[in-house]
A.B. asks: 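One structure, as structure tokens, below. Some questions next.
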Amino acid sequence: MKKFLLLLHEDIEKLNELSSKQMQQLADAHMRWAEKLAAAGHLISGDGLQEKSVLISGKDCIIKDGPHLESKEIIGGYYLLQAEDLKTAVELAKECPTHLYGGTTEIRQIMEMEDYGQ
């Protein structure tokens, strides 16, 4: 099985417009989806992420407080999944609740040791 990182890009403006009931429904949808992934043997881990972050860049280690995306988008969370291939990971990601309110899912395959040097 290959590992895939799903980064959940959230539209912060749309999330801020949600009522507390809608936010709870979204959280519940994520819990149900995570349980479904786990039951099928695909879920390794996953969590929401705080909006604030720190960016360290360059050889001088310049530190900047974030968020750092140049849009109204934040990375609101992640899931680490295992699947046979990218096609399967894409099919799984299509059901991610982040899409319910305008979010997008970025899928990145985790490199394995045999991938280095190719």
Side-chain angles (χ1 to χ4, degrees):
M1 296 281 258
K2 299 176 186 330
K3 294 179 186 173
F4 298 89
L5 180 65
L6 277 59
L7 294 171
L8 310 183
H9 296 260
E10 305 282 359
D11 183 326
I12 193 67
E13 290 177 0
K14 287 185 180 179
L15 288 180
N16 286 336
E17 293 173 359
L18 298 181
S19 68
S20 59
K21 181 180 178 180
Q22 289 172 312
M23 285 298 289
Q24 185 60 54
Q25 289 172 336
L26 180 57
D28 292 346
H30 274 284
M31 292 300 292
R32 285 190 304 275
W33 190 59
E35 289 169 358
K36 179 180 175 181
L37 291 170
H42 292 291
L43 182 66
I44 297 171
S45 68
D47 277 303
L49 299 172
Q50 295 288 337
E51 185 176 342
K52 301 254 184 222
S53 62
V54 174
L55 180 69
I56 302 172
S57 63
K59 67 179 183 176
D60 294 328
C61 295
I62 297 170
I63 299 172
K64 297 178 185 176
D65 290 329
H68 305 284
L69 295 176
E70 296 180 16
S71 69
K72 59 183 180 173
E73 188 178 272
I74 63 166
I75 297 175
Y78 75 94
Y79 288 95
L80 183 59
L81 305 182
Q82 58 185 10
E84 287 295 322
D85 51 31
L86 179 60
K87 181 180 177 184
T88 302
V90 168
E91 289 304 311
L92 293 169
K94 285 180 181 180
E95 296 182 22
C96 182
T98 200
H99 305 134
L100 297 174
Y101 294 101
T104 59
T105 305
E106 177 181 353
I107 304 170
R108 304 281 303 268
Q109 185 172 341
I110 304 295
M111 290 183 73
E112 301 291 335
M113 287 303 292
E114 59 267 13
D115 296 332
Y116 290 97
Q118 291 184 2

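Treat the numbers as computed from the prediction; the structure is a model and nothing was measured. All values below were derived from every heavy atom in this structure, side-chain atoms included, with hydrogens, water molecules and symmetry-related copies excluded.
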A.B. asks: For residues L5 and L37: do they belong to one hydrophobic cluster (side chain heavy atoms under 4.5 Å, members Ile, Leu, Val, Met, Phe, Trp, Tyr)?
C.D. replies: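 No; L37 is not reachable from L5 via cluster members.
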A.B. asks: What's the spacing between S45 OG and L80 CG if we round to 0.5 Å?
C.D. replies: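 Between S45 OG and L80 CG, I get 4.5 Å after rounding to 0.5 Å.
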A.B. asks: Crowded around M1 CE? As in, over 12 foreign heavy atoms under 6.0 Å?
C.D. replies: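 Atom CE in M1 is packed in, count exceeds 12.
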A.B. asks: Starting at CG of L100, measure out to CD of Q25 and round the result to the nearest 0.5 Å.
C.D. replies: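 Output value for this atom pair is 10.0 Å.
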A.B. asks: Could you state the interatomic distance from CG (D47) to OH (Y78), rounded to the nearest 0.5 Å?
C.D. replies: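 OH of Y78 is found 4.5 Å from CG of D47.
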A.B. asks: Hey, are the side chains of I75 and H9 touching, using non-hydrogen atoms and a 4.5 Å cut-off?
C.D. replies: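 With C-beta onward as the side chain, the pair touches.
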A.B. asks: Around Q50, counting heavy atoms of other residues, nucleotides and ligands shown, do more than 12 lie under 6.0 Å from its CD?
C.D. replies: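 Result for CD/Q50: open.
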A.B. asks: Salt bridge or not between E17 and K14? Use side-chain N to carboxylate O under 4.0 Å.
C.D. replies: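 Result for this pair is no, no salt bridge flagged.
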A.B. asks: If I take atom NZ from residue K3 and atom CD from residue Q82, how far apart are they, to the nearest 0.5 angstrom?
C.D. replies: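 Answer rounded to 0.5 Å: 7.5 Å.
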A.B. asks: When rounded to the nearest 0.5 angstrom, what distance separates CD in E10 from OG1 in T105?
C.D. replies: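 That separation rounds to 8.0 Å.
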A.B. asks: Using side-chain heavy atoms (C-beta onward) and a distance below 4.5 Å, is L6 in contact with T98?
C.D. replies: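 No, every pair of side-chain atoms sits at 4.5 Å or beyond.
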A.B. asks: Are L81 and I44 packed together at the side-chain level, in the sense that at least one heavy-atom pair is separated by less than 4.5 angstrom?
C.D. replies: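 No, side chains not in contact.
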A.B. asks: How many angstroms lie between CD in Q24 and CG in L18, if you round to the nearest 0.5 Å?
C.D. replies: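 Q24 atom CD to L18 atom CG measures 12.0 Å (nearest 0.5 Å).
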A.B. asks: With side chain to side chain contact (heavy atoms under 4.5 Å, CB included) as the test, pick out the partner of K2 among E84, Q109, E112.
C.D. replies: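 Only one option passes, and that is Q109.
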A.B. asks: Could you check whether the rings of H30 and Y79 sit parallel, tilted or perpendicular, using 30° and 60° as the cut-offs?
C.D. replies: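 If you compare the ring of H30 with that of Y79, the planes turn out parallel.
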A.B. asks: Please step through side-chain contact (heavy atoms from CB on, under 4.5 Å) for the pair D65 and V54, ending with a clear verdict.
C.D. replies: CA-CA 5 Å; D65 290 329; V54 174; 4.0 Å; yes
